[in-house]
Chemist: 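Handing you a structure now.
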Protein chains: 4
Amino acid sequence: MTQRAIDTEDKAARRAAILRAARQLYVADGYQIPSVARIAADAGLAKGTVYLYFRTKEEIFVALLAEEFAGLIDDANAFFSGDFSPADLPGFIGRYVEYLDTHPELLRLDAMAYSVLEQNLPEAQLRMFKLELTHRLVEAGKRVDMALSLPAGRGTQLLMRTYALTRGLWQSLDYPPAMKAVLAAPEFAPIRPDFRTELLAALAEYWRGALTA
Amino acid sequence: MTQRAIDTEDKAARRAAILRAARQLYVADGYQIPSVARIAADAGLAKGTVYLYFRTKEEIFVALLAEEFAGLIDDANAFFSGDFSPADLPGFIGRYVEYLDTHPELLRLDAMAYSVLEQNLPEAQLRMFKLELTHRLVEAGKRVDMALSLPAGRGTQLLMRTYALTRGLWQSLDYPPAMKAVLAAPEFAPIRPDFRTELLAALAEYWRGALTA
Amino acid sequence: MTQRAIDTEDKAARRAAILRAARQLYVADGYQIPSVARIAADAGLAKGTVYLYFRTKEEIFVALLAEEFAGLIDDANAFFSGDFSPADLPGFIGRYVEYLDTHPELLRLDAMAYSVLEQNLPEAQLRMFKLELTHRLVEAGKRVDMALSLPAGRGTQLLMRTYALTRGLWQSLDYPPAMKAVLAAPEFAPIRPDFRTELLAALAEYWRGALTA
Amino acid sequence: MTQRAIDTEDKAARRAAILRAARQLYVADGYQIPSVARIAADAGLAKGTVYLYFRTKEEIFVALLAEEFAGLIDDANAFFSGDFSPADLPGFIGRYVEYLDTHPELLRLDAMAYSVLEQNLPEAQLRMFKLELTHRLVEAGKRVDMALSLPAGRGTQLLMRTYALTRGLWQSLDYPPAMKAVLAAPEFAPIRPDFRTELLAALAEYWRGALTA
DNA sequence: TATGAATGAGTTTTCATTCAT
DNA sequence: AATGAATGAAAACTCATTCAT
């Protein structure tokens with residue numbers, strides 16, 4: 001990859017390579033943010049080149065998060081696009097959990113977002129990220145409103161609360177690899193239910209409460 | 001503070017001074033973990049002295065977290081101690097939210113727990129922390145079981161899910177000071193409801209769904 | 001050992017306990033100089049107490065070295081005390097090597113002497129150490145002179161050169177435990193003869209040359 | 001030195017500058033290993049730059065030692081290269097002592113080798129260092145074998161013992177600058193012969209004994 | 001005498017970012 | 001555009017020594 005990326009397509013490929021390397025290393029390293037040097041090496045680029053595509057390291061990870069969230073919301077959108085009746089709700093929840101299950105880095109990156117990224121990111125970039133996210137979320141909320149005949153804004157609210165429950169449970173139930181063995185001991189059983197099962201149950205309860213008059 | 005902490009009481013005071021300094025700096029610094037040097041200076045001690053009371057920096061913050069959680073759970077316990085009828089549930093939720101409101105650093109410290117502490121903390125210390133937490137939680141869960149005539153274990157489950165929703169919402173709705181002005185703009189309204197109001201509403205929905213046959 | 005050491009005997013016992021602990025830890029730690037805290041703990045004393053017996057940490061190790069050297073020289077003295085004919089020389093060398101073999105910390109402490117102790121030790125203390133050593137050495141040299149009918153001073157010279165060859169070979173042939181496995185590979189054979197064998201051979205050659213007209 | 005070392009030659013110059021600074025400071029500091037910060041400053045580089053050329057501080061000093069030894073052995077090789085008769089042996093010893101005399105840091109660095117480097121150096125690096133050293137030594141040994149018609153391996157042995165005697169005498173006779181004045185007193189005369197004279201005499205004795213049937 | 005609490009100097013290494021080439 | 005050499009701030013932790021009790 002010594003050649004120069006002249007046209008837009010090449011540039012997008014470089015950018016994507018950086019993001020891919022960042023994601024892969026983040027996961028491989030046990031969810032420690034990798035150094036720029038490693039990301040660059042993994043993407044087959046020089047360190048300086050990374051800074052032609054992202055102004056700071058945080059920007060890389062924000063872009064990653066944006067991608068992840070976009071994927072999650074798009075998937076929800078797709079579900080609510082077609083015909084939908086309230087009876088399909090369990091199907092939605094199931095698919096949502098399924099999506100999270102097949103995108104394991106999403107919730108891990110997310111846990112980093114609050115405590116690390118938002119603190120160091122220049123305001124303008126955080127603003128952009130949040131704005132895009134809001135747009136997508138509101139858009140998805142509207143579809144929920146329609147699908148379930150809810151008052152305007154209610155869908156967005158439900159989705160936010162759904163995601164809040166999700167991220168909260170994840171952080172309560174996910175542990176670093178080294179801890180897993182330790183927590184397998186029976187005295188920890190109460191705090192070690194399976195994340196997926198727990199999330200399904202909790203979301204079912206929440207939605208039931210939310211949609212009950 | 002050239003005086004020496006000889007007896008147990010004085011030592012506890014020193015320990016408390018370190019924790020106080022750590023907590024205060026963490027909040028003042030915009031939720032960045034402060035350096036040991038700053039903690040020591042703030043506590044009026046030399047750097048080395050801090051290491052007489054805590055083996056590592058992480059240990060300081062784990063102790064802080066343990067304190068915070070203990071306070072929260074104790075408060076819940078107190079509520080469920082006396083006579084309690086299911087009709088008092090809104091009162092419980094209200095008090096819970098109130099407690100969080102008067103202990104603003106709790107959720108901020110908590111956000112650090114997953115991403116920072118669990119990665120760096122020696123296994124033995126993390127284990128102790130989790131074990132104590134589990135004990136308290138299970139104990140509180142039992143009281144909930146009794147108060148609401150629930151099957152064994154259900155109370156713990158409800159409390160965990162309640163806290164998950166809480167921490168998830170907090171991370172979605174809390175922003176660094178610098179961002180608050182930016183997000184006051186109307187286009188961000190959907191993602192900027194007041195945390196307290198939002199939490200009350202979301203918990204009401206969750207508990208309603210959870211306790212509904 | 002909480003009692004106070006009032007009389008001289010008790011004091012000597014304390015001092016000896018410190019030296020014993022220092023020697024033992026030095027050997028146990030793979031020849032790293034242990035911290036004063038560990039020495040104190042191992043000797044059953046408080047840290048501060050160690051400083052009642054030795055002004056600095058270096059002083060402890062110099063005292064240790066002095067003990068070791070005294071033992072070595074005394075042993076040589078004992079050998080040359082009785083009737084002695086030049087034909088007994090191989091016996092002397094054998095006994096000398098034997099002594100080193102049964103006092104494995106001697107040469108290890110010695111290797112530390114030049115590079116560490118002599119640099120940090122206050123002049124007065126180093127002076128005392130060297131003076132005592134010189135006295136013993138000259139005394140032993142005199143016995144050698146007599147035993148072998150050598151001109152005055154020659155025995156001291158021979159002993160110094162003997163020890164020089166010894167310490168030099170030791171440093172060339174001794175390795176940290178971790179390296180021993182590595183150096184067992186055949187390509188290192190030339191630099192890995194057995195120390196004892198090598199020393200015996202080298203000393204035999206040296207003395208032969210030295211006593212040959 | 002804001003200029004960048006792009007090509008191999010410039011890089012070698014940087015590396016050399018670091019080594020030069022390290023050597024000079026080691027000697028100037030009274031044979032204490034200097035901090036990386038001081039080495040960098042002395043070499044006109046930033047601290048981080050040093051780590052572009054050496055992975056650890058120990059690596060710097062091992063490189064220094066390797067250079068010194070290579071120089072010494074090469075010099076011996078040069079001597080034994082041409083025609084050589086056993087009668088030239090005093091010439092060899094003289095030249096060897098001469099070389100040490102003109103490279104005063106060699107033996108001082110060497111004293112550091114055993115006690116400091118071998119304890120902290122990663123195994124792989126120590127292995128490489130020892131391997132290179134062994135190769136050079138064996139090579140030189142072979143030349144000695146040929147020159148003196150000795151059985152295979154005997155030359156290497158003689159060289160090792162020669163160096164052992166050298167390093168041992170050095171450590172017995174070299175003192176930190178502060179001590180020199182003190183030891184000038186007449187009572188220390190027996191342990192203060194001139195190193196050079198002493199080494200010449202001792203080596204002559206050793207080689208005489210070694211080559212005598 | 002004995003203790004052990006307190007001190008704070010001292011050092012290696014990492015790594016995001018810049019900028020000369 | 002791309003490179004990668006150079007930078008230097010930043011931070012945790014150790015430990016010999018002191019001295020109040």
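Note on naming: letters A, B, ... go to the chains in the order of the sequence lines (proteins, then strands), and numbering restarts at 1 for each one. All values below come from the heavy atoms of this structure, side chains included, with hydrogens, waters and symmetry mates left out. This one's a predicted model, so the numbers in the text were calculated from it and none came from an experiment.
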Chemist: Which nucleotide in the set F:dT14, F:dA1, E:dT13 lies at the smallest distance from any side-chain heavy atom of A:Leu52?
Modeler: F:dA1

Chemist: Where each residue is assigned the nucleotide of DNA chain E containing its nearest heavy atom, which of A:Ser35 and B:Ala5 is assigned the position nearer the 5′ end?
Modeler: B:Ala5

Chemist: With sequence neighbours left out, what residues match C:Phe69 under ring-ring contact (aromatic ring centres under 6.0 Å, His included)?
Modeler: C:Tyr163

Chemist: Mind checking what makes side-chain contact (heavy atoms from CB on, under 4.5 Å) contact with C:Glu132, not counting sequence neighbours?
Modeler: C:Ala66, C:Arg136

Chemist: Checking all strands, does B:Tyr53 fall into the base, sugar-phosphate, or nothing category for heavy-atom contacts under 4.0 angstrom?
Modeler: sugar-phosphate

Chemist: According to salt bridge (Lys or Arg N to Asp or Glu O under 4.0 Å), does anything in residues 41-51 of chain D pair up with another residue at least two apart or in another chain? List the pairs.
Modeler: none

Chemist: Residues two or more places apart in sequence or in another chain: which of them pass salt bridge (charged side-chain N to carboxylate O under 4.0 Å, His left out) with C:Arg108?
Modeler: C:Asp174

Chemist: Considering heavy-atom distances to DNA chain F, does C:Val36 or B:Ile6 have its closest nucleotide positioned more toward the 5' end?
Modeler: C:Val36

Chemist: Contact class for B:Thr49 vs. all strands (heavy atom < 4.0 Å): base, sugar-phosphate, or nothing?
Modeler: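 Answer is base: heavy atoms of B:Thr49 come under 4.0 Å of a base.
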
Chemist: Would you mind telling me which residue lines up with the more 5' stretch of DNA chain F, B:Lys47 or C:Lys47, judged by nearest nucleotide?
Modeler: B:Lys47

Chemist: What base-paired stems does DNA chain E take part in, with at least 3 consecutive Watson-Crick or G-U wobble pairs and both distances under 3.5 Å?
Modeler: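 Expected stems, ordered by start: E:2-21 with F:2-21.
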
Chemist: By side-chain contact (heavy atoms from CB on, under 4.5 Å), which residues pair with B:Arg127, not counting sequence neighbours?
Modeler: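 With sequence neighbours excluded, B:Arg127 shows a side-chain contact (heavy atoms from CB on, under 4.5 Å) to A:Val182, A:Glu187, A:Phe188, B:Leu131, given in chain and number order.
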
